[in-house]
Protein chains: 2
Amino acid sequence: MKGSSATVGQLERFLRSRGLRLTRCRKLAVEAVEACGAHFGIEDLKAAARAKGLRVHRATLYRTVPLLVEAGILRKVSASGGDRGEYEKGLGRGHHDHLLCLRCGRSIEVSSVAMEREQARLCARHGFLAVDHQLRIRGYCADCRSDGQPGDAARRPGRESAVIVAGRR
Amino acid sequence: MKGSSATVGQLERFLRSRGLRLTRCRKLAVEAVEACGAHFGIEDLKAAARAKGLRVHRATLYRTVPLLVEAGILRKVSASGGDRGEYEKGLGRGHHDHLLCLRCGRSIEVSSVAMEREQARLCARHGFLAVDHQLRIRGYCADCRSDGQPGDAARRPGRESAVIVAGRR
DNA sequence: GCTAGAAATGCGACAAAGTCGCAATTAGGC
DNA sequence: GCCTAATTGCGACTTTGTCGCATTTCTAGC
Ligand SMILES: [Zn+2]
Ligand SMILES: [Zn+2]
Ligand SMILES: [Zn+2]
Ligand SMILES: [Zn+2]
């Protein structure tokens, strides 16, 4: 995995541009991100760090993570219900939205050009300048909707990308 | 305002259908909702109740609000960043999405048929059965985007409905 | 109207998530 | 290597949300 070092580079560039320092803890944070799943919270980062025998204080991570977001390395999402703050890697991967299954808890990452276009149109109509957006659709995934119309489980995604993420902590 | 009593009726019907009771506290909750702004948290409800000289315990409200959601009287939203749980009235008003201004904090409620249609299409492609969804677009409202392209402040919404909500607690 | 049983409430203790000020440490330019 | 400002760890604190239990309050049946 060389993803980590590339990310550190990204972080360093960002920090430089802001007159901030590339510290042990900040490097550690991006490494911890690599060790986490698709969606994670700040406490997960702390756990990942400790698993490597490195210690960081919660408060420090709470200060660091917003920087990673600003640097474009992380993205804040509310993929699941939205209780705890959740993040995901935001570097390199294009923007995507989430389909959250209420039964199996899986989170399916999707993206749709048509959708983005429609959002842009909506903003334009309101004279609104969009910076980012988040769409979460809750419902039942193909595997789980068997209650209701059974036999639908084998759908294939069309030309959209779809990443199924392990869900349910 | 007779909205309240209509809402109580809605609640009563729901509770009946579930063998639950229409209690003092539950009525109080829907009244507190009326007294709250467009978006509010459970603690706001408690405050609203206390302002009327009525006391409810936090725990009770935490138990009551999910019922109001199930009854269709409230909707859980993450209109602002998403730290505390937020709710809004969900009765009578059609579904809408939120444009959140990063500068003035206003939350603009919008709805777009084209958008909903696109979402339906997206779900269909993934064999996903949608139950509900939430879209939040962050950026700068017409009044605030003056940084950048000044002079845009007087945009008129097109044929979309738009409700501007007081924002910024 | 009275009573038994179920449901709802208040209470308080708790857990998790997040924030803050401050003293000790460290990165990085010189 | 030194100096200074930035960063960290710490711990105390707030906010948000949950839980079990004793008490109160509905409701249905008598
Ligand atoms: Zn599922
Ligand atoms: Zn995702
Ligand atoms: Zn604004
Ligand atoms: Zn709203």
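Just the heavy atoms: all of them, side chains too, but no hydrogens, waters or symmetry mates, feed the values below. Throughout, a chain's letter reflects where its sequence line sits, starting with A, and its residues are numbered from 1.
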(message) Here's a test of your reading of the structure: between B:Ala59 and B:Leu22, which maps to the more 5' nucleotide of DNA chain D?
(response) B:Ala59

(message) On DNA chain D, does the nearest nucleotide to B:Glu43 precede the nearest nucleotide to A:Leu67 from the 5' side, or the other way round? Give the residue.
(response) A:Leu67

(message) Taking atom types as they are modelled, would you say the side chain of A:Arg58 forms a donor-acceptor pair with the base of C:dG18 within the 3.5 Å cutoff?
(response) yes

Calculate the interatomic distance between [X] atom [atom1] and [N] atom [atom2]; express it in whole Å.
X       : N      : atom1 : atom2 : result
B:Arg84 : D:dG17 : CZ    : C1'   : 12 Å
B:Leu28 : D:dT25 : CG    : P     : 15 Å
B:Glu86 : D:dG17 : CD    : P     : 10 Å
A:Leu61 : D:dG9  : CG    : P     : 8 Å
B:Arg18 : C:dA6  : CZ    : C1'   : 16 Å
A:Arg16 : D:dA6  : CZ    : P     : 16 Å
A:Leu45 : C:dA17 : CG    : P     : 13 Å
B:Lys46 : C:dC11 : NZ    : P     : 11 Å

(request) Would you indicate what A:Arg63 reaches in the nucleic acid, counting non-hydrogen atoms under 4.0 angstrom: base, sugar-phosphate, or nothing? (result) base

(request) Could you tell me whether A:Ile42 contacts a base, only the sugar-phosphate backbone, or nothing, with contacts defined as non-hydrogen atoms closer than 4.0 Å? (result) nothing

Ignoring backbone atoms, establish whether [X] has a side-chain N or O less than 4.0 Å from OP1 or OP2 of [N].
X       : N      : result
A:Arg26 : D:dT8  : yes
B:Thr23 : C:dA7  : no
A:Arg24 : D:dG9  : yes
A:Thr60 : D:dT7  : no
B:Tyr62 : D:dT18 : no

(request) Would you check if there is a donor-acceptor pair between the side chains of A:His95 and A:Glu109 at a distance under 3.5 Å? (result) no

(message) Judged by each residue's nearest nucleotide on DNA chain C, which is more toward the 5′ side, B:Leu20 or B:His57?
(response) B:Leu20

(message) Closest-nucleotide mapping onto DNA chain C: is A:Arg21 or B:Arg55 further toward the 5' terminus? I mean the 5' end.
(response) B:Arg55

(request) Using a strict cut-off of less than 4.0 Å between a Lys/Arg side-chain nitrogen and an Asp/Glu carboxylate oxygen, indicate whether B:Glu86 and B:Lys76 qualify as a salt bridge. (result) no

(request) May I ask you to decide whether A:Glu31 forms a salt bridge with A:Lys27, counting only side-chain N to carboxylate O separations under 4.0 Å? (result) no

(request) Spell out, as yes or no, whether a donor-acceptor pair under 3.5 Å connects the side chain of A:Thr60 to the backbone of A:Val56. (result) no

(request) Could you check A:Arg136, A:Glu88, A:Gln134 and say which one makes a side-chain hydrogen bond (donor to acceptor under 3.5 Å, both in side chains) with A:His98? (result) A:Glu88

